[in-house]
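Basis for what follows: all heavy atoms, side chains included, without hydrogens, waters or symmetry-related copies.
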Amino acid sequence: MDLLAFKSLLFLLCFIGCCAGEDILPEGPLDVVLGKNLTVPTLLKNPTYSFIVWNFNNGGHQIHVITIGSEGLSVNTPYEGRVAIDPTNGFLTLTAVKSEDSGDYSINVISSSGATKTEEIAVRVLEPVSAVVIKSNLPEAVEHNDTVILTCSAKGSFLKFSWLKGAAPLVADGKRVSIKDEELSSTLTFVNVLRTDLVGSIICVATNKLETEKSAPFNLTVHHGPDKATISPAKPPQFLQSGSSFNLTCAAASSPPATFNWYHNQKEMKSSGPVLTLAEIEKQGLGRTAEQFTCTATNAKTKRVVASSGVTFAVVDPILGATLTGPTGTLIAGNSTANLTCKAASGTVKTRTWTKDGKPLTPSSRVVFAIDMSSVMINPLQKEDNGEFTCQLTNPVTQSKASYKMVVNYGPEPATVTGETAVEVNDAVTLTCSAASVPAANFTWKFNGTLTNVKTPQYVIEQARYKNTGTYTCEASNPVTKKTTKSTHTMSVKEEGTLNEGLSDGAIAGIVIAILVALGAAIGLIMYCRQKVPVESPY
Ligand SMILES: *[C@@H]1O[C@H](CO)[C@@H](O)[C@H](O)[C@H]1NC(C)=O
Ligand SMILES: *[C@@H]1O[C@H](CO)[C@@H](O)[C@H](O)[C@H]1NC(C)=O
Ligand SMILES: *[C@@H]1O[C@H](CO)[C@@H](O)[C@H](O)[C@H]1NC(C)=O
Ligand SMILES: *[C@@H]1O[C@H](CO)[C@@H](O)[C@H](O)[C@H]1NC(C)=O
Ligand SMILES: *[C@@H]1O[C@H](CO)[C@@H](O)[C@H](O)[C@H]1NC(C)=O
Ligand SMILES: *[C@@H]1O[C@H](CO)[C@@H](O)[C@H](O)[C@H]1NC(C)=O
Ligand SMILES: *[C@@H]1O[C@H](CO)[C@@H](O)[C@H](O)[C@H]1NC(C)=O
Ligand SMILES: *[C@@H]1O[C@H](CO)[C@@H](O)[C@H](O)[C@H]1NC(C)=O
């Protein structure tokens with residue numbers, strides 16, 4: 001082995017030794033978007049070389065791309081005008097790459113000594129992501145019945161698909177919801193689709209290493225329901241007033257909205273729509289007795305029908321125009337009879353109650369009610385029957401009152417005169433006559449048996465004279481009963497100063513009598529005890 005050969009070998013060993021772990025190309029694959037410029041970098045640092053050669057291999061055969069050497073560049077014809085190499089680092093640049101540019105690019109670095117270093121890198125020309133579109137196998141779906149298959153298709157290379165529901169990733173459970181990816185599409189399958197599956201928009205995302213494209217939000221109507229039909233009010237009043245504003249409303253969650261039908265005691269009514277008015281019920285002649293109403297909700301798309309539970313009520317006519325009629329003629333206590341009758345112009349009366357002057361009217365031998373309480377007979381009438389009679393007619397929806405003012409003529413009852421029995425001359429005197437009577441009694445006064453002109457209940461003497469001493473007779477007469485009662489009163493007019501201011505004659509007489517009675521009693525008691533004591537003694 002000569003010295004030169006040894007040196008060369010040493011250099012080569014050194015070259016290999018130095019560069020054995022040293023890559024000259026980065027790791028691939030290198031991705032570039034179609035139409036963009038491709039630069040294949042090297043890891044060479046200030047290389048010394050005789051030639052750098054770039055070749056291309058698309059899997060078939062290798063073709064030359066470009067060579068740089070001391071004599072300059074050599075470009076293969078197909079690459080003319082679109083290839084460049086950086087003499088300082090060997091970077092290869094290819095402008096406006098085409099799909100056919102995908103493949104392996106190899107670099108050969110040949111040193112002045114003839115040593116060659118070769119490496120290759122895969123380059124992928126990526127088609128941009130575009131036309132990301134979701135299509136459905138069905139234009140609309142029925143919940144639980146249909147299987148919905150959404151297909152997302154896109155253009156581009158090395159695509160990966162993912163699905164979003166709203167903003168969150170859509171996760172397949174592998175059973176009811178599954179996702180299957182292919183090269184240029186992905187299918188999302190909902191077996192027995194649920195309404196919630198497609199709530200919020202579904203978006204398909206197609207991605208490759210360089211780009212991400214989203215589809216337009218996709219939504220599909222999943223028809224569902226009705227789940228449950230409910231009538232409101234669920235508990236209507238037991239009785240409703242005929243003609244009042246009352247509605248039954250049927251509701252059900254449903255897509256599309258349900259249609260409603262109404263049933264009366266299980267029989268379909270001639271009514272549809274969510275609202276059944278009381279007016280309609282009455283128009284159909286229903287509801288007069290407690291009866292059940294139900295509704296059904298129907299979904300035309302899902303063909304499902306659900307029935308509500310029933311509500312029950314009865315329609316009752318209000319009581320209108322209550323009247324209480326009583327006798328119209330003149331009534332006389334002890335002689336007349338009254339028959340009071342309570343009636344309503346319309347409506348069904350359930351209960352009748354009677355009051356007189358606000359208190360319950362109680363039956364008695366004189367006050368006899370009809371069995372249905374619609375009338376009361378009072379026989380004979382008495383003065384106590386004067387007053388206001390009221391009857392109240394009640395049913396579950398209304399109550400109505402009427403009243404009658406009863407006037408029973410009676411009296412006059414025995415008249416009484418109150419006033420002084422003895423006065424002094426010049427005293428003012430008022431004698432008052434009273435006698436209970438309906439109508440009020442007319443009064444006349446007689447003095448010593450002679451009729452006077454006084455016709456008022458009071459007999460007034462402004463200044464008493466001696467001649468006023470005598471007997472005053474008041475006569476009360478009732479113009480209706482034609483009865484008369486009278487009362488007499490004696491009054492004496494005395495000399496001025498003769499009457500004790502403190503005690504009246506009557507009072508003095510009273511005191512005297514009281515003393516005499518007490519004295520008599522005391523004497524009597526003493527006499528009695530005296531007689532008794534010896535008798536009761538055992539001796
Ligand atoms: C690609 O390279 C050509 C030629 O060097 C240049 O004119 C063009 O601007 C480059 N395009 C891009 C997108 O860098
Ligand atoms: C999706 O939903 C939006 C709003 O909720 C609506 O405007 C649009 O028409 C729907 N698209 C389809 C295909 O149903
Ligand atoms: C009942 O329904 C009718 C017609 O739908 C409406 O005019 C009325 O106001 C409703 N009445 C009540 C009490 O809701
Ligand atoms: C949905 O499925 C049920 C039960 O299989 C069936 O009775 C019903 O008719 C189906 N509905 C539609 C709209 O096909
Ligand atoms: C009471 O009735 C009787 C018989 O009807 C009649 O004769 C009498 O006059 C009446 N009395 C009064 C005060 O009206
Ligand atoms: C009261 O009068 C009504 C109607 O005139 C009649 O039906 C009823 O029997 C009478 N009642 C009595 C207790 O006489
Ligand atoms: C009773 O008195 C009234 C007025 O107080 C009078 O109008 C009527 O005529 C009198 N009747 C008799 C019968 O005097
Ligand atoms: C009225 O009668 C009384 C007693 O009978 C008699 O004392 C008096 O003088 C009479 N008065 C007149 C005015 O007649």
Side-chain angles (χ1 to χ4, degrees), residues 1-130 155-159 183 208-211:
M1 194 185 281
D2 65 13
L3 190 67
L4 183 71
F6 179 70
K7 270 188 178 167
S8 299
L9 182 66
L10 207 66
F11 176 76
L12 193 66
L13 285 172
C14 168
F15 185 79
I16 291 164
C18 292
C19 308
E22 220 178 293
D23 290 322
I24 54 175
L25 287 179
E27 226 174 281
L30 194 55
D31 291 328
V32 59
V33 175
L34 184 72
K36 300 274 165 65
N37 292 350
L38 163 70
T39 295
V40 184
T42 69
L43 301 172
L44 299 169
K45 282 169 199 141
N46 303 319
T48 53
Y49 54 88
S50 295
F51 298 101
I52 293 177
V53 182
W54 282 98
N55 288 316
F56 170 67
N57 189 332
N58 68 355
H61 57 283
Q62 178 165 297
I63 59 168
H64 175 238
V65 178
I66 192 168
T67 301
I68 189 167
S70 40
E71 287 90 33
L73 286 175
S74 159
V75 176
N76 193 3
T77 326
Y79 291 95
E80 264 170 19
R82 52 180 293 253
V83 73
I85 188 164
D86 187 334
T88 65
N89 54 19
F91 282 25
L92 174 74
T93 301
L94 206 57
T95 59
V97 294
K98 306 169 201 161
S99 320
E100 308 91 85
D101 293 328
S102 284
D104 295 332
Y105 287 80
S106 61
I107 187 171
N108 292 289
V109 183
I110 301 157
S111 71
S112 51
S113 66
T116 302
K117 179 69 187 169
T118 298
E119 245 179 63
E120 63 177 31
I121 183 167
V123 169
R124 303 191 300 185
V125 176
L126 305 182
E127 275 185 57
V129 186
S130 66
K155 286 184 183 158
S157 24
F158 310 108
L159 295 176
E183 202 179 325
N208 63 21
K209 252 188 135 177
L210 300 165
E211 285 190 322

Spacing of N37 atom CG and L94 atom CG [to the nearest 0.5 Å]
8.5 Å
Taking the side chain as C-beta and beyond, is there a heavy-atom pair between I24 and T42 under 4.5 Å?
no
I'd like to check P128 versus L34 (side-chain heavy atoms, cut-off strictly below 4.5 Å). Are they in contact?
yes
Under 3.5 Å donor-acceptor pairs involving side-chain atoms of residues 54-62, not counting sequence neighbours:
{"residue": "W54", "atom": "NE1", "partner": "G90", "partner atom": "O", "Å": "3.1"}
{"residue": "N57", "atom": "OD1", "partner": "G59", "partner atom": "N", "Å": "2.8"}
{"residue": "N58", "atom": "OD1", "partner": "G60", "partner atom": "N", "Å": "3.1"}

For A122, which residues count as a side chain to side chain contact (heavy atoms under 4.5 Å, CB included) partner, sequence neighbours excluded?
P29, D104
Could you pull out all residues at least two apart from S157 that satisfy side chain to side chain donor-acceptor pair (under 3.5 Å)?
none
Among residues two or more places apart or on two chains, list those pairs meeting salt bridge (charged side-chain N to carboxylate O under 4.0 Å, His left out) that have a residue in residues 82-101.
R82-D101
Please set out all donor-acceptor pairs under 3.5 angstrom arising from side-chain atoms of residues 67-74, sequence neighbours excluded.
{"residue": "T67", "atom": "OG1", "partner": "H64", "partner atom": "NE2", "Å": "2.4"}

Would you say the side-chain atoms of S106 pair up with the backbone N or O of E120, donor to acceptor, closer than 3.5 Å?
no
Full working for side chain to side chain contact (heavy atoms under 4.5 Å, CB included) between I85 and I66:
CA-CA 8 Å; I85 188 164; I66 192 168; 3.9 Å; yes
What distance separates S130 OG from E211 CD, expressed to the nearest 0.5 Å?
8.5 Å
Side chain to side chain contact (heavy atoms under 4.5 Å, CB included) partners of P41, counting only residues at least two apart:
P26, L30, F91
Listing request: all salt bridge (charged side-chain N to carboxylate O under 4.0 Å, His left out) pairs with a residue in residues 24-44, at least two apart in sequence or in separate chains.
D31-R124, D31-K209
Between atom CD1 of I52 and atom CG of L44, what is the distance when rounded to the nearest 0.5 Å?
6.0 Å
Y79: what forms a ring-ring contact (aromatic ring centres under 6.0 Å, His included) with it, not counting sequence neighbours?
none
Name the residue from N76, L38, V75 that meets the side-chain contact (heavy atoms from CB on, under 4.5 Å) definition with V83.
V75
Between V32 and V123, does the side chain to side chain contact (heavy atoms under 4.5 Å, CB included) criterion hold? Intermediate values first, please.
CA-CA 7 Å; V32 59; V123 169; 4.2 Å; yes
How many angstroms lie between atom CG of D23 and atom CG of L43, to the nearest 0.5 angstrom?
6.5 Å
Sequence neighbours left out, what passes side chain to side chain donor-acceptor pair (under 3.5 Å) with T93? Give chain and number order.
T39
Which residues pass the side chain to side chain donor-acceptor pair (under 3.5 Å) test with N108, sequence neighbours left out?
T118
Taking C-beta and beyond as the side chain, do F51 and S111 meet within less than 4.5 Å on heavy atoms?
no
With sequence neighbours excluded, tell me which residues meet side chain to side chain donor-acceptor pair (under 3.5 Å) with N89.
none
